Amino acid sequence: LAQDDTITIGVSVPAATHGWTGGVNYFAQQAIERLSATYPNVEYVFASSPDSPKQIADIEDMVSTRDIDALVILPGDPDAMTSAIKQVKDAGKFVTVVDRQLSIDGVENLYVAGDNPGLGANAAEYIKSALPDGGNVVILRGMPIPIDQQRFDGFMAGVEGSNIMVLENEFANWNRDDGFRVMQDFLTRFPEIDAVWTQDDDISLGAIEAIKQAGREDEMFVVGGAGMQQILQAVKAGDPLTPIDVSYSPAMIATAIELTTSHFTGGIQVAGRYILDSTVITQDNVDQFIDEESPF
Amino acid sequence: MSVSAPEVAPKARSGFRWDLKTVGPLLALALLVLLGITLNENFLSYNNITNVLARSSFIGIIAIGATFVITAGGLDLSVGSMAAVIAGVMIMVMNWLIPVMGVGWGVILAGMAAGILLGGVAGVGNGLMITRGRIEAFIVTLGTMGIFRSLVTFLADGGTLSLNFQVADVYRPVYYDGLLGIPYPILVFALVAIGGEIVMRRTSFGRHCAAIGSNEQVARYSSISVDNVRLITYILQGLLVAVAVLLYVPRLGSASSTTGVLWELEAIAAVIIGGTTLKGGYGRVWGTVVGVVILGLIGNILNLQSFISPYLNGAFQGVIIILAVLLQRPRRAS
Amino acid sequence: MSVSAPEVAPKARSGFRWDLKTVGPLLALALLVLLGITLNENFLSYNNITNVLARSSFIGIIAIGATFVITAGGLDLSVGSMAAVIAGVMIMVMNWLIPVMGVGWGVILAGMAAGILLGGVAGVGNGLMITRGRIEAFIVTLGTMGIFRSLVTFLADGGTLSLNFQVADVYRPVYYDGLLGIPYPILVFALVAIGGEIVMRRTSFGRHCAAIGSNEQVARYSSISVDNVRLITYILQGLLVAVAVLLYVPRLGSASSTTGVLWELEAIAAVIIGGTTLKGGYGRVWGTVVGVVILGLIGNILNLQSFISPYLNGAFQGVIIILAVLLQRPRRAS
Amino acid sequence: MVEAQARTAQPILSANRISKSFGEIPVLFSIDFDVAPGEVHAIIGENGAGKSTLIKILSGIEQPTSGSIAYDGQTVVLPPDGKAEAMGIVLIHQELNLAEHLTVADSIFLGRELKRGPFLDVGEMRRQAAATMETLHVHVDPDARISSLSVADKQMVEIAKAISRDARVLIMDEPTAVLSVGETQTLFEQIRRLTARGVAVVFISHKLDEIMELANRVTVLRDGQLIATVGTEALTPDSIAQMMVGRELSNLYPPKHEPDVDAPVLLSVRNLSTKSVSNISFDLRKGEILGFAGLIGSGRTAVAEAVVGLTHKTGGDITLNGASVDFSRVAQSVHAGVAYMTKDRKGKGLLLNMGLRDNLTLLTLEKHMRMGFIDTASEDRALDRAVRRFDIRARDAAVAVGRLSGGNQQKLMLGKTMESEPDIIIMDEPTRGIDVGTKQQIYHIIAALAAEGKAVIVISSELQEVIGLSHRVVVMRTGRIAGVLEGAEITEEEIMRYAAGIKQSGNDERISA
Ligand SMILES: Nc1ncnc2c1ncn2[C@@H]1O[C@H](COP(=O)(O)OP(=O)(O)OP(=O)(O)O)[C@@H](O)[C@H]1O
Ligand SMILES: Nc1ncnc2c1ncn2[C@@H]1O[C@H](COP(=O)(O)OP(=O)(O)OP(=O)(O)O)[C@@H](O)[C@H]1O
Ligand SMILES: [Mg+2]
Ligand SMILES: [Mg+2]
């Protein structure tokens, strides 16, 4: 039986199926390692789940077999997870939801999130300003899931009414291979492209290779998102192909774990919403985002 | 010379052979349970056991359908995306009907009917292309897997289809409540399993499935309508996918393009772990149930410990799956 | 009893049958090309054609290995994750060796050697479990699929393994350059295809694969070492996965847990579209090449048009796959 | 004399006190056996006596439980899996042993392909395969796939495969079971050619006249025991049969009871055509046994399969009890009381991985249903009946059918067909691989069926059988009816004349007697 003064915190995240979730997994485990050392009486249970049923199963197991006191969760598909998370809450646990809004309000004690529509809007804003006379844009999307839709909608709303012309959008599944493949075909199909919005740096890396292969790197630039180190280095170096990036750091999971831990250890009541802005990363502010250790 | 060696009349074949091939999956299951017990005292708790069984019920019900398909020498890769599209359509139907019928069981029953109908139709589609179209089952169901998956993405407009909250509240007990302390999903799973085992062992349909999977020509010469039996296996599979979805929707209340991804592999793995022959000709439903529970327990046990890096979960699963089948491997044929 | 009657001579069958089963995949390919031409004038451009072929070469090389595995009655679901782990290890080895060997071809050759070695070892592992362990190939390779996938996630710490930039610059031409305007990946693919076709048709190994896949017992009684031949198919598959990876790594210089996801399904689909029998006994490498190109073109064509919502890409793919096989379906056996 | 030479020659292959058990079940008891160069040594015995098991041991496919094998006077352990071929011991299995996807040439050279450098010498293999097939007077394309061949042609490919090996000992397990007279004679010519070169031949057959014609010595097995090994010159077919069965075999064929002259016509076929036969017309009367004779490939099977709805008719009418019928599925014909027993028991007759019971009732499962479920007790009773009626012998009760001896498989298939209690039974090679004792039983069963008022069609390549059983005989040639014989006309010579096309009666008046 767990001693009375031991606190168990469950951390549930989606499996590392692409760069960004890979970052989430990495930062979560980093935070757990660090905080376990600092707070010996806090125990963490970590689970990484490939899909919603598995993620529900994992949090059920945390409640029924590990007797957690708090749950920090980044729901892979928030709509599907809502009622299961509500059950955890109803069982009297402290619940922190990260990144994705549940479909009913008031379930979570604490909400730590990035700004998905903002990511799209910021990219749109930058592209408009970089192409004041208008231009052609192609979009490489992620996978057909809600956050992709939110980012996409944010972007489309941002360019609406401007003279930015969106030529086409296709899914590139948040990975480099598909980014490369789709970009190659866009380059075949469209003789004039001024900007590429990929909403994700993994996709950007593939797209950039395709652009370089076609020798068209002087015609266009690529705006990604999420702040992957490799792209940040290029931004820092002033690569004209990647003038900026838009932050959407997977490290938000670490913030959530820290806040939740301090709720129990620091005696401070933590609650409410922490929205981490999606900021535009330029050569000027890139240094504050660079983290040599990060695998993402 | 009238030395006549006493011939053993081939009388009733002793129904049940207590050999490794039979005990194999049970042994693997027992070992996993032991492992679970040593890892965590709550492992055998009522809550944990019902949790594991209830959430295994979707795959379980689907895998029972797959047992028939595979026994008859077929394969259905589309079950996961079929589940997604059925869930999506059910949700849409229910949401549409609320203005007409109001929130209540009426809407839910209508949604269920739509789901079952769609499952049947999807099964008919797969089955007809395979039997009448004479296309390899692998290809047909790989194709429909893509088609169904696209369809749900399209219906959900790239996002998630969510069930209206009030309806979800009414529907939720179908997953979370139960009878005499046994959650409904487990009850349904048990019923389907018992029914499946009886159909497989004690009806001509089950016998015919095995005959077709064993040798299609022999089946044809033995007056079995090969195409019809095979078609029925796919319809049955479709209907059972729909039944699984009836239990899935109240749990998640939503469907998206990621619903049911890789369920097909899990279902097929459960079937084979259970001792059914992938090439057809021999199937056992109880084995599939054991296979499903084994797969469910693997995930559960991984959550009971913190030694294995979560990155290595897949490796652990892989090893257990191989070991479970290793325990029942045929002895060298010599 | 000695009435020796003139026997009725059954008409000799003509050697090469120019039937639908042969033309089927070619016809499907031709139709796709026509569709591509009508959709976009750049479709037949040198750039587009080389793009499509070069990026199909990974799957192509892997699918040629799969042709042998499947012809011999086996299956390998692990190829995608195997590719990922080989890519990951190659990158790690090269990065490690830079301090020792400096940036240059030495490091790359060492990395290649490591990749080939690992591919061979992975193939031996799969093959031994299947042949000596007598475990169903589906289960073994489903298991190793999970194991390899976990391993690469673990090695990459959930993220991406990236090749050192300077080495990547040296290595890059292996994907992007070519000979006489033909990119190396296409050349390697062509070489492997021609070699594969010769091995399949013109060596006893190929003959033995077909015999084993057709009837294992017969093969065994014909003093073919069934286990060895089958083992070799898995080793060959592992080595060809490694060859594919040698071309994959210079393209983007990275590997992650998403590398090679679903390549196994794509490879198997290509093999079957090409006319190889899923249950074994008959395989043709040229068909697989056609199958790979068909699959590559489907993706390409989808990106060249805007009528079909990207949500429905999967449906389009599914329909084409089914149609491609429909074109070569056996006529009704009546 | 050949016999004298053989007797004096040293045995090339000998078995000493060989015993064999499968698990707990003993199958062979301390058998001594040898064969000398230039000799044909026949093994005979009832179904399940252990003949196939013995020759599997002699060729290394199975290892004996005790006892030893000597080859060239040296005690050896034969390598498994047909590797003994490299030592010159070649086996033709009782069951067809060809991979259906391969071509004829591939099959003949499987496992010892000819090469030029590292590559197959496909052209040479094709040439040699064609040449070997030529010596056997078989006309199949070396590039034809095995799956497209008839059973008989497949068997000839097996024989070609075996004789093209460089055999010192050639062992043949019922090679003639699926062959017609002509093909059998061709095979015998080849065997004589080989023995003249000093090859030792072990030969299993249930056709005693073949044994008398070919063998120098005969070994008789019964229930796994060695009964005797004797020179053929000291034997008559009757004495062999008696040694085999352990009792006198009189009257192999039951007396014929001609059906009444006014017996109604049960089945009437008019101008039936399919892809492979054309313009077939015949009548079958109540109580009649109608033989179908003809060379292999003459289309007899095709007629039967078209009648019961297994193959597609391109034309013609079938009338059953006066009503026109058009079966498109076997279920319909079974329901209407017409049953067909295939000649291809392995490919079309039995599920080899399943047990006796499931096989027996597969065709008639609805007879064993109670309230929608299978009544296994009723199935078991049916199996008991069939085992008694057809003398099915399986030493292990739970064995998969594939493990039964060939003859017992055939009996099980007979039982399966009879389970449907048909009024009209079409039997395609009903006694293929069946020992004489059981043959006699089956002939009596067929006669009894006819006497009961059923009607039977017997398709057989054994002329004696057709002659001994049939009231009338339809002779087919190249997909057409060449003639219909009755009464005293039914002789070997007459049948062969029609079958070979020497004689022809295109007229239809013989359709019904
Ligand atoms: N692999 C096996 N496992 C178990 N029993 C077997 C096996 N092979 C043969 N038997 C049994 O051994 C006995 C002898 O079989 P065998 O095939 O040698 O008979 P046979 O003399 O060739 O008969 P037939 O004339 O019918 O071919 C049979 O009872 C058979 O069921
Ligand atoms: N190449 C083939 N493809 C498909 N079916 C075939 C082929 N050859 C024969 N068949 C079918 O197989 C069956 C047996 O054919 P076949 O004509 O060789 O035997 P048969 O001559 O009728 O029989 P028997 O040898 O007893 O006289 C028939 O139904 C025939 O239609
Ligand atoms: Mg035998
Ligand atoms: Mg024939």
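Side-chain atoms are counted along with the backbone in the values below, which use heavy atoms only and exclude waters and symmetry mates. By convention in this document, chain letters (A, B, ...) are assigned in the order of the sequence lines, proteins followed by strands, and residues within each chain are numbered from 1. All values derive from a computational prediction rather than experimental measurement.
With rounding to the nearest 0.5 angstrom, the OG1 atom of B:Thr160 is 4.5 Å from the CG atom of A:Asp79. Taking CG from A:Asp77 and OG from B:Ser257, the interatomic distance works out to 8.5 Å, rounded to the nearest 0.5 Å. Rounding to the nearest 0.5 Å places OG of A:Ser83 at 10.0 Å from OH of B:Tyr175. Rounding to the nearest 0.5 angstrom, the gap separating the CD atom in A:Gln149 from the OG atom in B:Ser256 is 12.0 Å.
The shortest non-hydrogen separation linking B:Leu252 to A:Ser52 is CD2-CB, 3.5 Å. Heavy atoms only, all atoms of each residue included: A:Tyr26 and B:Tyr311 are closest at N-OH, 3.6 Å. Closest non-hydrogen pair, B:Tyr248 versus A:Pro53, comes out as CE1-CG, 3.7 Å. A:Ile56 approaches B:Arg251 most closely through the heavy-atom pair CG2-NH2, 2.9 Å. For B:Asn313 against A:Ser48, the heavy-atom pair with the smallest separation is ND2-O, 4.4 Å.
Interface remark: of the candidates B:Asn300, B:Asn47, B:Thr258, B:Leu163, B:Asn300 forms the most heavy-atom pairs closer than 4.5 Å to chain A. Contact count versus chain A (heavy atoms, under 4.5 Å) is highest, among B:Leu304, B:Asn42, B:Asp157, B:Asn303, for B:Asn303. Interface summary for chain B: among A:Thr82, A:Ile104, A:Asp148, the most heavy-atom pairs under 4.5 angstrom belong to A:Ile104.
Using non-hydrogen atoms only and a strict 4.5 Å limit, no part of residues 33-43 of chain A faces chain B.
For A:Gln150, no part sits under 4.5 Å from any heavy atom of chain B, backbone or side chain. The parts of A:Asp61 that come within reach of chain B are both its backbone and its side chain, each placing non-hydrogen atoms under 4.5 angstrom from that chain.
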**Request:** Show your reasoning for whether side chain to side chain donor-acceptor pair (under 3.5 Å) applies to A:Thr65 and B:Asn48.
**Result:** CA-CA 7 Å; A:Thr65 64; B:Asn48 192 49; 5.0 Å; no
**Request:** Tell me, with the steps shown, if A:Asp51 and B:Val261 meet side-chain contact (heavy atoms from CB on, under 4.5 Å).
**Result:** CA-CA 8 Å; A:Asp51 57 31; B:Val261 167; 5.6 Å; no
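More than 12 heavy atoms of other residues, nucleotides or ligands sit less than 6.0 Å from atom NZ of A:Lys89. Crowding of A:Asp105 atom CG: a count of heavy atoms from other residues, nucleotides or ligands under 6.0 Å not exceeding 12. Remark: A:Phe94 CZ is packed, more than 12 non-hydrogen atoms of other residues, nucleotides or ligands lying under 6.0 Å away.
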